[in-house]
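For ligands, and for the atoms within them, numbers begin at 1 and follow the listed sequence. Treat the numbers as computed from the prediction; the structure is a model and nothing was measured.
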Amino acid sequence: MVSERSAVQPGAEVLVASNRGPVSYALGEGGELSAKRGGGGLVSGLSTIGADAVWVCSALGDGDREAARRTGGLLDVADTGGQRVRMLDIPADVHAAAYNGVANSVLWFVHHMLYQTPLEPVFDADFRGQWAAYEAYNAAFASALADSASPGAAVLVQDYHLALVPAMLRQVRPDVRIAHFSHTPWAPPEYFAMLPDDVQRQLVLGILGADRANFLTGRWARAFTACCERALGPDCTAHWPRHEAPSVVAVPPDRKAHRTRIGVHGLGADAEFLRERSRRPDVEERMAALRGQIGGTDRKTIVRVDRTELSKNIVRGLLAFRRLLADRPEWRERVVHLAFAYPSRQDLAVYRDYTAQVGALAEEINAEYGTAGWQPVVLHVKDDFARSLAAYRLADVALVNPIRDGMNLVAKEVPVVSDAGCALVLSREAGAWEELGADALTVNPYDVGQTAEALHAALSMPAEERAARTARLAAAATALPPARWFLDQLQALGE
Ligand code: G6P
């Protein structure tokens, strides 16, 4: 994976590695490439570092692969907003097996506890083939990072796609400082133990190859540490000092003991960006359109905005809304549930089925309760950021009820953007609950009856209380904005 180009590029002082990069390419009919830039915490974090940083990511589709080939891997800065991005041309079949087969179907399911365990998971020969691809894909990243890093560089590896990279990179570049960040929850030890024993060891030793293993909350950090102890047994010692961050000393196969510090960095919402973006004319237009769909002048709204992701618990959210209409008939005609469920991971059959189920249930509720002038559920499936912000501004109640979630930024964004204050119904299994629980209405995501009652309480909350809670939620939600979150990790790595 050593490209000719990189030989003439100076090495980078700071490197970020993630499966999905900050830009993606579409291939036109005539072979022309058009670039589309994404946003997010890492993008704003890296922009504060500037030209010394390199972002290493994978080509995800045909357009990306073509761009990687045409440029030799180092993308044109005109496409990336000035950011140096190295896109790896990993063979499509290897990427599919690593990304869909292992990362999204196994690791995502384990960390979010999504299996229906009487029938799955099954670890057989197919899985072993996919695992070999996952190793190859991680090795490609490790080699590109080794090749692009200047001596002593800081390397920030992102997420469950790249769990093996830290140990692989340390082998060849012991001089660099490595951090790994998990943006997901981490599985409890009993659940993690479903994975084959050797895979468990490889995953925790992979991350323990880093100097720092970082998480969004203390809960996920403790779960990871407990999984290390269970998977590695005598080859690992966890330290839990009273006033310092915990650390894990592991003895990898080369028998050279290595200490990894465990860090917690709770990514917050970007208040400045959200407040400015949500006041632009396109958002105002969307608000007018949504008001038309809601109908009635004093109707209340319950808003949810998610990817159509199994862990987001959209089906039980709809069941809770149906239960509210059944148990509390006074809300009929007086409330509309705006449910935005944007397609995600449609390469996987289970996601396609879930998406269909969400649509069918919304229709059922509308058929059961709808009247000539009132559509109880307004479901939107086309991703539209301006419309999401419009819904945030209008919401009387936000429903955030994931089965399990690393953080959940929607819960943090709504209070920042809300016009008149918004009551937050929040799952105790979302990472954000650690910071927002005090001013939210807490629910057990599996308990549809309790969620229906929480929706009723939220809709009934007096306006002053709602506004006061929203102000406190917004303050907690913006405590660690993305740029600071990124710089904190970099600084901690230097200590
Ligand atoms: C969510 C998770 C991230 C993950 C991403 C992958 O945003 O919080 O941890 O990296 O999904 O999504 P993708 O669309 O790239 O599969």
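- Residues satisfying the side-chain contact (heavy atoms from CB on, under 4.5 Å) test with V350, not counting sequence neighbours, are F109, L310, L348.
- Applying the side-chain contact (heavy atoms from CB on, under 4.5 Å) rule to H258 yields the partners R170, D211, T260; only residues at least two apart in sequence or on another chain are considered.
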Identify all pairs of nitrogen or oxygen atoms, one from ligand 1 and one from the protein, separated by less than 3.5 Å, and list them with distances.
residue  : atom   : partner : partner atom : Å
ligand 1 : 9 (O)  : D159    : OD2          : 2.5
ligand 1 : 10 (O) : D159    : OD2          : 2.7
ligand 1 : 11 (O) : R345    : NH2          : 3.4
ligand 1 : 12 (O) : R345    : NH2          : 3.3
ligand 1 : 14 (O) : R20     : NH2          : 3.1
ligand 1 : 15 (O) : R20     : NE           : 2.8
ligand 1 : 15 (O) : R20     : NH2          : 3.2
ligand 1 : 16 (O) : Y99     : OH           : 2.5
ligand 1 : 16 (O) : R345    : NE           : 3.2
ligand 1 : 16 (O) : R345    : NH2          : 3.3

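- D439 contributes atom CG, which lies 5.0 Å from atom CG of L473 (distance to the nearest 0.5 angstrom).
- Between R304 and D306, at least one side-chain nitrogen of the basic residue sits less than 4.0 Å from a carboxylate oxygen of the acidic one, meeting the salt-bridge criterion.
- With sequence neighbours excluded, the residues satisfying salt bridge (charged side-chain N to carboxylate O under 4.0 Å, His left out) with R345 are E309.
- For the ring-ring contact (aromatic ring centres under 6.0 Å, His included) with F181, the qualifying choice from F215, W485, F486 is W485, the only one to do so.
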